[in-house]
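Down below is the structure, laid out as structure tokens.
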Amino acid sequence: MSPATPPVLDVDTLIDDPETRILVCCGSGGVGKTTTAAALALRAAERGRTVVVLTIDPAKRLAQALGLDELSNEPGTVPGLNGPAEDGRVQDGEAEDGSLQAMMLDMRRTFDEMVYAHAAPDRAEKIIANPFYQTISTSFSGTQEYMAMEKLGQLCARGEWDLIVVDTPPSRSALDFLDAPQRMSTFLDGRMIRLLSSPARAGGRGLRKIVGAGFGLFAKAVSTILGGQLLADASAFVQAFDTMFGGFRERATKTYELLRSPGTSFVVVAAPEPDALREAAYFVDRLAGEEMPLAGLVLNRTHPVLAPLSAARARTAAENAGSSRLAGAVLRLHADRVDLAEREERLLARFSGAHPGVPVVRVPAVAGDISDLDGLREVGERLAAEDELPPPAAGTVHQLR
């Protein structure tokens with residue numbers, strides 16, 4: 001197999017495998033990651049699995065595509081599923097065994113739930129009312145990523161689903177998602193907490209120094225809380241929250257190990273663009289370095305060509321079309337499409353040359369927005385296309401079936 005010809009990602013085998021319990025879709029923003037996660041979840045449910053999909057995307061159109069008025073921080077049932085046929089393909093009618101629920105992460109509410117779960121009611125109320133906590137729970141760098149993993153842990157602990165699909169937050173750096181649990185636990189490290197909760201030992205100037213160093217990441221967000229009020233809020237926050245801090249590192253460690261477990265699979269989603277594939281390559285390398293289980297790459301919104309006619313021949317034919325302006329326009333449009341398809345294949349070949357063992361599935365672009373379950377089913381069908389063809393040779397385009 002040529003280094004530019006990647007192995008094929010068999011999506012149906014992945015989602016049908018009962019050993020696959022968590023499917024994490026990750027990648028940069030704007031590549032169709034949320035739609036991919038929803039389509040995978042729907043397809044798995046209609047093939048008989050009990051599924052919940054956790055999305056980070058607040059877009060109303062996703063809820064509408066799933067047939068829901070809105071998505072909340074608790075799983076809601078998605079109506080209108082089709083059941084599996086004997087050959088595994090979906091058919092009309094209610095699914096006998098499969099089910100699908102969907103939810104959208106509410107970062108602040110998830111943090112509040114964690115406080116209520118691990119603190120006495122009176123202490124929990126003090127923590128949540130504290131201005132310092134309100135800043136941390138909404139503005140601290142990495143909170144969204146950490147809370148996504150916190151919610152994943154909660155869903156796993158409930159044991160109500162045999163497959164959890166996670167749509168991770170988009171980030172400029174692929175490291176943010178993997179680093180979030182450790183970054184949060186480091187921020188809430190016990191040594192810092194002991195100093196913050198012992199102002200007599202640290203002294204006023206020492207406390208200011210600790211606050212300045214430890215909370216610099218969100219200093220801008222708390223800049224409206226000035227001087228002594230900031231220190232008073234910090235001290236009150238730490239005293240009320242102190243009994244919970246010890247569990248953060250343990251919870252972060254468990255989350256990290258959950259991501260590395262055999263039942264978890266990562267799917268990296270990218271578009272056939274240089275920046276998106278560069279981000280995907282960086283993420284693939286990091287997953288390998290952390291020994292995270294990578295299923296493969298979804299190359300989204302590709303532009304395959306359906307006619308075996310090279311760009312050069314199409315342009316020549318367009319020039320010879322004579323008075324048929326329509327025929328000439330169609331041929332030139334086809335030539336442009338061939339050029340685009342071959343550019344995408346070159347980008348993929350470059351990625352696969354650097355990562356020859358990573359399975360890939362190409363997903364042709366869908367016209368228009370995904371606005372209902374049928375649209376998500378179409379994406380799912382394209383994700384699970386059985387006939388993957390090798391990339392075209394220079395100047396040649398293979399016909400897709």
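What you see is a predicted model; the values in this text were computed from it and never measured. Note that these values count all heavy atoms, side chains included, but never hydrogens, waters or copies made by symmetry.
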Quick one: are R377 and N82 in side-chain contact, heavy atoms under 4.5 Å?
-> yes
Output yes when D339 and R315 qualify as a salt bridge under the 4.0 Å nitrogen-oxygen rule, no when they do not.
-> yes
Verify whether one side chain among N300 and T36 offers a donor that lies under 3.5 Å from an acceptor in the other.
-> yes
Give me the one residue out of V51, V52, T77, T50 that meets side-chain contact (heavy atoms from CB on, under 4.5 Å) with S99.
-> T50
R286 vs M292 side-chain heavy atoms within contact, under 4.5 Å = no
D275 meets the salt bridge (charged side-chain N to carboxylate O under 4.0 Å, His left out) criterion, sequence neighbours left out, with R278
Taking side chain as C-beta onward, heavy atoms only, is V78 less than 4.5 Å from Q101?
-> no
Sorted by chain and number, sequence neighbours left out, side chain to side chain contact (heavy atoms under 4.5 Å, CB included) with A295 holds for L9, L14, S265, V267
Side-chain heavy-atom pair R49, L100 within 4.5 angstrom cut-off | no
For D69, look at atom CG and say whether over 12 heavy atoms of other residues, nucleotides or ligands are found less than 6.0 Å away.
-> no
Which residues satisfy the side chain to side chain contact (heavy atoms under 4.5 Å, CB included) test with E344, sequence neighbours excluded?
-> P272, T302, H303, L340
For L42 and V53, what are the C-alpha separation, side-chain angles and deciding distance, and is it a side chain to side chain contact (heavy atoms under 4.5 Å, CB included)?
-> CA-CA 9 Å; L42 175 63; V53 56; over 6 Å; no
Does any non-hydrogen side-chain atom of F266 lie less than 4.5 Å from one of C25?
-> no
Under the salt bridge (charged side-chain N to carboxylate O under 4.0 Å, His left out) rule, collect the residues that match up with E319, sequence neighbours excluded.
-> none
Check ion pair D106-K151 (N to O, under 4.0 angstrom) = no
Non-neighbouring partners of D17 that pass side chain to side chain contact (heavy atoms under 4.5 Å, CB included), sequence neighbours left out | E19, T20
For R301, enumerate each residue passing the side chain to side chain contact (heavy atoms under 4.5 Å, CB included) test, keeping only those at least two apart in sequence or located in another chain.
-> A365
Does CZ in R109 sit with more than 12 non-hydrogen atoms of other residues, nucleotides or ligands closer than 6.0 Å?
-> yes
